[in-house]
Every structure is written in structure tokens, then in C-alpha cells.
> 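Below you'll find the structure I mean.
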Protein chains: 2
Amino acid sequence: MKSDFREVREELRQRILQGVWAPGDLVPNEVDLAAEFGCARATVNRAMRELAEAGLIERKRKAGTRVRLSPRRAARFDIPIVREEIEARGAAYRYALISRDEIAPPDWLAARMALAPGDLVLHLTCLHHADGQPYQHEERWISLAALPQARDGDFTATGPNEWLVREVPFSDAEISFSAIAADDQLARRMGCATGDALFLVERATWWEGRAITFVRLAHQRGHRMTTRY
Amino acid sequence: MKSDFREVREELRQRILQGVWAPGDLVPNEVDLAAEFGCARATVNRAMRELAEAGLIERKRKAGTRVRLSPRRAARFDIPIVREEIEARGAAYRYALISRDEIAPPDWLAARMALAPGDLVLHLTCLHHADGQPYQHEERWISLAALPQARDGDFTATGPNEWLVREVPFSDAEISFSAIAADDQLARRMGCATGDALFLVERATWWEGRAITFVRLAHQRGHRMTTRY
DNA sequence: AAGTGGTCTAGACCACATT
DNA sequence: ATGTGGTCTAGACCACTTA
């Protein structure tokens, strides 16, 4: 009757999914379950901790553990580095810098990155190709207040992403996915028609409360981001 | 010098982010770190397990623990129930069934859901409104081989999602995000222009290796899915 | 006040990958 | 063969929340 924590976890998961314990129900406490499974309380604790993290149950001291009314469904996406993503498909990766300038941030960007008045940003646009075809269009802004050394960065051979990974850590990021229509410029660069639907990833990155960089990544038509859970 | 696992975890995280241990470096083993932090090995283990799960380090028995060359970046998205998503915005939710029929699955669907030849599917289309405006267009296929009781389901008042949540568990799901252009029909239903870029979520759901349902959720123009990590 | 989960400990054994 | 992480155990104490 000895069980390891995976067996306990899966057995508990089954009971929840098959309705032995219905949504809202109180689940037996750790001591009782440990006795039932013939294992230590720590083992049950680990199993239940993972189920809680997966959103199946809710735990409160003294109040006990309950099956969530509607299981929270969360999916985890790996955010790929574009070079690795392309090479993983067996395609040849090529990078090109399109433009580079130092500008005062537009209002929306200053707001989004919480920049102080007068802060400048380095504005870069580049293209990532797979087997010679445009794959991803990157438009990036880097806070020169937070990262003055970006002025000396060479972004002609490798993308700002790889430079940033080497240069700075980040502690916090906000990412969002959406769909946009390609404007004329983007269509020309991506080799698609104006108005084509493109998959857009935006990411803002912070280090100790300070905005580092904001990037908009527009992907080729038909691009999908997939995960299992 | 006693430390709890959070303190250990954060101290190790700092050392990695600040380059004390550079990417590729070997990190001291658990016994040594436990001695350094004045805690039990299990405490170090928990701290490092969480860092590994966060993608900062890689662990192998005998080989030890190394700082990842480029930290894996993963983001977690909550997959909302559309009714809750709309109500959370303080908007009124309304649901409407557009069509319902029983069909032989198109080839792409049979392949995607691994259906047997001859299997039929229930095909539903519906609209979810927020404050009277089209918010999400749902096109759903339910395997009648796996879920014959779907024939008797009433989807006129509540969406198939809520029916499925009550009726069947799932063990496994694949979700993908992309961008599509609205065709004439979709544009008419969503109240947008033909060709507008829409954010699309597709999800296939399985139970014990058997395909249950596949759904395509097209969202209103400008919809974003956001998370922090 | 009391019951529950959260965590730590010290020790043990095992599984695995490298040597 | 050996060193490392992976896990379990039995017991303990603490923290939080409800009654």
C-alpha cells in the first residue's frame, strides 16, 4: 500500500475528475489521507501542493482542502528565442537590422514602460528570416536611462534579444498576445499583403521595478503558438 | 544563519542573475549549500527544484546542477471561461446558439482529433456577447463516438463549454494561439469588416487518449491575452 | 482554543548518469 | 564504482483561520 507522491497525486486527481469528490467538497485532511495511502504526511502534502498549483483544489489552514468549483485552467507557454525556434525547425536562421535610432519615447510607450520625462530610448527594428523567408519582425525599444550601455551595443550582426540576454537580467515581465493587421510597411518587410492578419507578441521587461525594454514581435501569416497541458 | 526555503531560493536566484554563477557554471551540490545556509538538504532541494522549474537551472543526477545558458522563459496563462471573463469586466453576458448539426468530420478535423472512419461529430456554432456586443465566436465539434449523450444536450440556453464542464472531465488538452482574417460569415457575426485580424484560440481536449472536443474561439478585434511572469 | 496546512529536520535509501 | 539529485519517513514546531 506504500505510495509515492505521484501515485497519490494521480489517485487524488482521478477522484476529483471522476466526481468522487465533487466541486466544492471538502477533501480529507493530510493525516487521514496519509493513513489511507500508507505514506508519510509530507508525501500527501507534496501531492496536494501540486494539485493546488494546477488549480484543481484550494487549500486553507484550518478550513481544509476543497475541490475548486470550476477548475482553473492554466497553460504554460515556452517563450522561444527566435533563433532557436527557427533552428529547431531545421531552417537556416538569418538576422538583419533594419533601423536604429535614438528617440524620445512616444506617449504610449512612456506610459507602458513608466519612463520619466526626458528619458530617451533606443529604437530598433529588425527582421528574423527562416530559410531566407521573413519569419518575425521585431520592433524594440530599450530604455537608455536604465541601460546606457545599449548605445554602444552592436546590433548589426546579432539581434538585441541576444545582446540583452547577455547583458542584463530581468526580474519581471509582462507578455501579451493579440492579432494585428499588417500595415504597408510591415507587409512590405514580411512579404505579405497589407491587411493580412499577423500574430503579435508584446513583452515588457523589468529589473527591480525599472523598465528595461519593450518589444513587439510580429510573426509570419499562419504562425501558431502551441502548448499541451 | 538558519534559512527557510524561500530565502535560499532567492539568494540562489540573486547569485545567478547577478552573475556570481555564470551561465553554464556548475552550482555547488545540495550538501554543501545546506551546510552554507545552515539548513537541511531537503530545504535546499526544494529551493533548487523551484528554480529548475522556473527554468533558471538544469539538474542532473551525478552531473550536478548548472546555470542554464539562456534561461528558459515560460509564461503561464489562465484560460478563462468566457462567461467569467466577460462578467469580470463588469459587462453583461449573453449567449446565443447559431447552428447545430450532426456531420461527418472534415478530413482536417478527423486528423486533428484522431477520429475513426465513420465517427460522427456534433457541430455547433455560437456567439458570446458582452453588453450586447459580439465578444467571442465559438465553433465547436464534439465527438459523438466519445460522447453520445451530447446528442441530447440542450445548447440553446447555455454554451457547450458549460455543458462539457459539468458532463465530462478531461485529462489532456492542446491549445494554440494564432491570428486569422475574418471571412464574410465571421465578419457578419462579429460585427467587423471582412479581412479584419482576429485573435484565435484553438483547443483540443482528450480523455484517456480519446478525443472529446475541438473548439475554435475567435475574439473581437483588438482582443489581448496578457500575463505576467 | 483547536484543527488544519506549511515547513523544517536528520537520516535513510534509491535511481541515475558519469567515470 | 561513485557522486549527485530524487524521494520518503517520522517527528516536530509554527502560522493561519475559523469556531
Side-chain angles (χ1 to χ4, degrees), chain A residues 1-16 20-69 71-72 74 76, chain B residues 1-16 20-69 71-72 74 76:
Chain A
M1 197 45 198
K2 285 289 182 63
S3 311
D4 71 15
F5 83 92
R6 290 160 206 285
E7 290 169 329
V8 176
R9 167 167 40 80
E10 293 315 308
E11 172 60 26
L12 298 179
R13 193 198 297 280
Q14 289 311 313
R15 292 190 190 173
I16 292 164
V20 178
W21 296 322
D25 279 4
L26 201 56
V27 170
N29 69 32
E30 295 187 348
V31 175
D32 291 349
L33 287 172
E36 177 193 340
F37 286 104
C39 64
R41 181 166 79 96
T43 303
V44 173
N45 181 273
R46 169 120 189 233
M48 296 188 85
R49 181 151 39 83
E50 295 197 356
L51 292 175
E53 200 182 335
L56 254 67
I57 57 179
E58 260 176 336
R59 321 196 71 196
K60 270 194 282 201
R61 287 157 146 138
K62 168 69 179 179
T65 298
R66 289 183 182 278
V67 178
R68 288 189 80 119
L69 292 163
R72 192 169 48 92
R76 220 178 120 115
Chain B
M1 197 46 197
K2 285 289 182 66
S3 311
D4 71 15
F5 83 93
R6 291 159 205 284
E7 290 170 331
V8 175
R9 174 180 17 96
E10 292 315 307
E11 172 60 24
L12 298 179
R13 192 199 298 280
Q14 288 311 312
R15 292 190 192 173
I16 291 164
V20 178
W21 297 322
D25 278 5
L26 201 57
V27 170
N29 69 32
E30 295 187 347
V31 175
D32 292 349
L33 287 171
E36 178 193 342
F37 286 105
C39 65
R41 181 167 79 98
T43 302
V44 174
N45 180 272
R46 167 123 191 228
M48 296 188 85
R49 181 152 38 82
E50 296 198 356
L51 292 175
E53 200 183 335
L56 254 69
I57 56 180
E58 257 175 336
R59 320 196 71 197
K60 271 194 281 205
R61 287 157 145 131
K62 167 69 179 178
T65 298
R66 288 181 183 281
V67 179
R68 287 189 76 114
L69 293 163
R72 200 186 78 232
R76 215 180 124 116

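Naming: A, B, ... by sequence-line order, numbering from 1 per chain. Reckoned from all heavy atoms, side chains included, excluding hydrogens, waters and symmetry mates.
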> For Glu30(B), give me all partners under side chain to side chain contact (heavy atoms under 4.5 Å, CB included), at least two apart in sequence or on another chain.
Arg41(B), Val44(B), Asn45(B), Met48(B), Arg59(B)

> Sequence neighbours left out, what passes side chain to side chain donor-acceptor pair (under 3.5 Å) with Arg15(B)? Give chain and number order.
Glu11(B), Glu36(B)

> Gln14(A): which residues meet the side chain to side chain donor-acceptor pair (under 3.5 Å) condition with it, sequence neighbours left out?
Gln18(A)

> Short of 4.0 Å, heavy atom to strand atom, which residues of residues 45-56 of chain A count as contacting DNA chain D?
Arg46(A)

> Whether the side chain of Arg66(B) engages the backbone of Glu58(B) through a donor-acceptor N/O pair (distance < 3.5 Å, no angle test) should be reported.
no

> Holding to side chain to side chain contact (heavy atoms under 4.5 Å, CB included), I want the full list of residues that pass it with Arg61(B), two or more places apart in sequence or in another chain.
none

> Kindly compute the distance separating CZ (Arg13(A)) from CD (Glu10(A)), expressed to the nearest 0.5 Å.
4.5 Å

> Measure the CG-CG distance between Asp25(A) and Leu69(A) for me, rounded to the nearest 0.5 Å.
10.0 Å

> Using a cut-off of strictly less than 4.0 Å, decide whether Thr65(B) has a side-chain nitrogen or oxygen near OP1 or OP2 of dT4(D).
no

> When the distance from CD1 of Ile57(A) to P of dT4(C) is rounded to whole Å, what number comes out?
15 Å

> Less than 4.5 Å apart, side chain to side chain, heavy atoms only: is that true for Val67(A) and Val27(A)?
yes

> Within this structure, what is the CZ-to-C1' distance between Phe37(A) and dC8(D), rounded to whole angstrom?
16 Å

> Quick one: list whatever passes side chain to side chain donor-acceptor pair (under 3.5 Å) with Glu53(B), sequence neighbours left out.
none

> Taking atom P of dT18(C) as reference, at what distance in whole Å does atom CZ of Arg66(B) sit?
10 Å

> Report the nucleotide, chosen from dT18(C), dG5(D), dG5(C), that has the shortest atom-to-atom distance to any side-chain atom of Lys60(B).
dT18(C)

> So, using side chain to side chain contact (heavy atoms under 4.5 Å, CB included) as the criterion, who are the partners of Arg6(B) when residues are at least two apart?
Asp4(B), Arg9(B)

> Any N/O pairs under 3.5 Å between the protein and nucleotides 12-16 of chain D? List them or say none.
from, atom 1, to, atom 2, distance (Å)
dA12(D), N6, Arg41(A), NH2, 3.0
dA15(D), O4', Arg61(A), NH2, 3.4
dA15(D), N3, Arg61(A), NE, 3.2

> Check whether any side-chain nitrogen or oxygen of Thr43(B) sits under 4.0 Å from OP1 or OP2 of dT7(C), and answer yes or no.
no

> Which nucleotide sits closest to the side chain of Asp4(A): dT9(D), dG5(D), dT7(D)?
dT7(D)

> Give a yes/no answer on whether the side chain of Arg59(A) brings an N or O atom under 4.0 Å of OP1 or OP2 in dG6(C).
yes

> In residues 22-31 of chain B, which residues come under 4.0 Å of DNA chain D by heavy atom?
Asn29(B), Glu30(B)

> Tell me every residue that passes side chain to side chain contact (heavy atoms under 4.5 Å, CB included) with Ala63(B), counting only those two or more places apart in sequence or in another chain.
Lys60(B)

